[in-house]
Structures are given as C-alpha cells and as structure tokens.
Colleague: 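Got a structure for you, questions after.
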Amino acid sequence: MRIATWNVNSIRSRVDRVEAWLHRSDVDVLAIQETKAREDQFPYQRFTDLGYEVAHHGLNQWNGVAILSRVGLDDIAIGFDGDPGFGDPVAPEARSIGATCGGVRIWSLYVPNGRALGDPHMDYKLAWLEQLRQRAGDWAADGTPLALCGDWNVAPQDEDVWSMEYFVDKTHVSPPERAAFNAFLDDGFVDVARPYTPGPGTYTYWDYQQLAFPKRRGMRIDFVLGSAGLTERVSGAAIDREERKGKGASDHAPVIVGLDGDDGAAAERVTT
DNA sequence: ATGGTCGCGCAGCGA
C-alpha cells in the first residue's frame, strides 16, 4: 500500500497533472490540500474514471481538502469548521477531512497560515494545531493505524528551510510553531518520511517567486505523521521533486509513503 | 532569457 500527500494549489488548474501523476506513481491513497473548489466545482469524474473514490471538503475558492482512494473510502469525517474555537478569524475554511482507506485512518490537513508573527492568524494556527493534537490522540487510541497527512505550514528543523538567516522573524520556523508541531512527536507520532528523505535540502515547497525552485530555495512543510500502528508498517518514502518542474506545477511536491514492503519510490518520469 | 509567481476571479488579495 502506498499513500501520499500533495498540496495541489487548485485542483481545477492541476487536474491534468494530478491525473498523470496518479497514473505513473501507483498511489493507493492521495491526501490533497488547497483544492480551492466548492463541492460543485470539484472534478470528481476525472478521478472516479481512474478508479479512485473521492471525498472532498470545500466551502469556497480558498483552501479545501480531499482524499482519493482506490482501497476503500469509509467513515468520512469533516473536521473542525463548525467547532467552538475553530472559527477562522476571517471566514470558515475547509481544512480537514478524514476517512478510513484500506484499514488506515487517513486525514488530509491544511494547517492555517499564520501570515506573520503577532498576527491573529498565528494565534488561530497555534490553537488549531493544539486542538488537532488533542483529537489525534483520541483517533489513535484504538490502535487503528493513523496517518496525519498534509501541509503543516511549519518547518520543524533548521535544515527544513533554505536559509535560517532569511527566516529570522518570519513564520514557519518560530519557536511557538515548532513547539506546536513537536508536541505531536512528543505524543508518539512520527515524521515517517524523514528517515527515507534525509536533509538538508529535501524540501517539499518552493515559492513561485524569485526563481526559488531553480535556486533550491525551498522549505519542508508537508509531512505524514504516523501513529505507532502506522509507523511500524512504513517501508519507504520519497519526495517527488520532479513534479515541481515545468509549466503548470503546483508550488508543492508530493510526498509518498510506502507501507508493508512498498519502497515509496517516486516513479521514473520522462522529462523533456 | 540581463528577467523572474501563481490562483482566485476580474480587483486586488493571499500564499
């Protein structure tokens, strides 16, 4: 079994690339973030035609999360939007969806962007992460393998950004954000891709601006955090940096995790 | 190539 997470930055503008990527990557479950689509705008048919079941949670043209699965898609749950304490400071946003796929509990998560240190959105981000952590403990309690997949908008280690000097007084690396992320690790969740994709320089996101990708100015902010029951089954992982290349790429690369002997290796890609 | 972002939706904001 092979799972993956990918912030696609609009499913409508990325559907051809996602479809082609699924074709060559042999992924059983894909957690998608930033679909930027309402329910009526999501291209369900394109993925059902490929043999995937689809669960999508989208409220507007921002954010939005989905899970594609060809190994079953059950017990779909929407996270947070309507819960006390989770009101976005500006507007309700679709940031989490969960489902059980092939016996693994998958969550697709789009952690709020704090925008700036001291901004109310940063308080919201930290509160959101803490609430997620509390729930994740509940979800993992029965021993079902749990994968928290998504764009965490946190670079937990110095090597996860291209320059710590650049990130002085910026978001994603601040102590409170790192503490919020590390609290998951303290609870026993494991960043399962990292041992197979050691840094430095193994990023998952590169800004569209300033030629960040060719200059290798990236960040590692997309993670699969596994419960103990998932982590013991992980047998490989990869970041498909090739997918960031070329016209029409998302600003994020997919992160692939293989289970039960699958090496998770990104598919060979014919480049031109 | 002596510059240099996308995507939303159609102005300007968010990432």
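Chain naming here is simple, since letters A, B, ... match the order of the sequence lines and numbering starts at 1 in each.
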Colleague: For DNA chain B, what residues of residues 211-225 of chain A have any heavy atom nearer than 4.0 Å?
Modeller: A:Leu211
Colleague: Sequence neighbours excluded, which residues qualify as ring pair (Phe, Tyr, Trp, His ring centres under 6.0 Å) partners of A:Tyr196?
Modeller: none
Colleague: List for me each residue that meets ring pair (Phe, Tyr, Trp, His ring centres under 6.0 Å) alongside A:Tyr208, sequence neighbours excluded, and say none if there are none.
Modeller: none
Colleague: Going by side-chain contact (heavy atoms from CB on, under 4.5 Å), name the residues that satisfy it together with A:Ser13, two or more places apart in sequence or in a different chain.
Modeller: A:Ser10
Colleague: Please measure how far the C1' atom in B:dA11 lies from the corresponding atom in B:dG7, and state the result in whole Å.
Modeller: 14 Å
Colleague: Can you list everything that forms a side-chain contact (heavy atoms from CB on, under 4.5 Å) with A:Pro176? Sequence neighbours excluded, please.
Modeller: A:Leu126, A:Ser174
Colleague: Mapping A:Tyr208 and A:His252 onto DNA chain B by nearest heavy atom, which one lands closer to the 5' end?
Modeller: A:Tyr208
Colleague: If you find the nucleotide of DNA chain B closest to A:Asp251 and the one closest to A:Asn9, which residue's nucleotide is nearer the 5' end?
Modeller: A:Asn9
Colleague: How far does the P atom of B:dG4 sit from the matching atom of B:dC8, given to the nearest Å?
Modeller: 23 Å
Colleague: So what does A:Arg38 touch, heavy atoms closer than 4.0 Å: a base, only the sugar-phosphate, or nothing?
Modeller: nothing
Colleague: Quick check for you: name the first and last nucleotides of DNA chain B, 5' to 3', having an atom under 4.0 Å from a heavy atom of chain A.
Modeller: B:dG4 to B:dA15
Colleague: When clusters are formed from ILVMFWY side-chain contacts under 4.5 Å, directly or step by step, what else is grouped with A:Trp162?
Modeller: A:Val161, A:Met164, A:Tyr166, A:Phe167, A:Val173, A:Tyr203, A:Tyr205, A:Trp206, A:Phe213, A:Met219, A:Ile221
Colleague: Only counting residues at least two apart or in another chain, list the ones meeting side-chain contact (heavy atoms from CB on, under 4.5 Å) with A:Gln41.
Modeller: A:Arg12, A:Ala37, A:Arg38
Colleague: What distance, rounded to whole Å, do you find between the two C1' atoms, one in B:dT2 and one in B:dC6?
Modeller: 23 Å
Colleague: Any donor and acceptor pair, going by atom type alone, linking the side chain of A:Arg115 with main-chain N or O of A:Met122 inside 3.5 Å?
Modeller: no
Colleague: Can you list everything that forms a side-chain contact (heavy atoms from CB on, under 4.5 Å) with A:Arg70? Sequence neighbours excluded, please.
Modeller: A:Asp26, A:Asp28, A:Tyr52
Colleague: Please state the P separation for the pair B:dG9 and B:dA15 - nearest whole angstrom.
Modeller: 16 Å
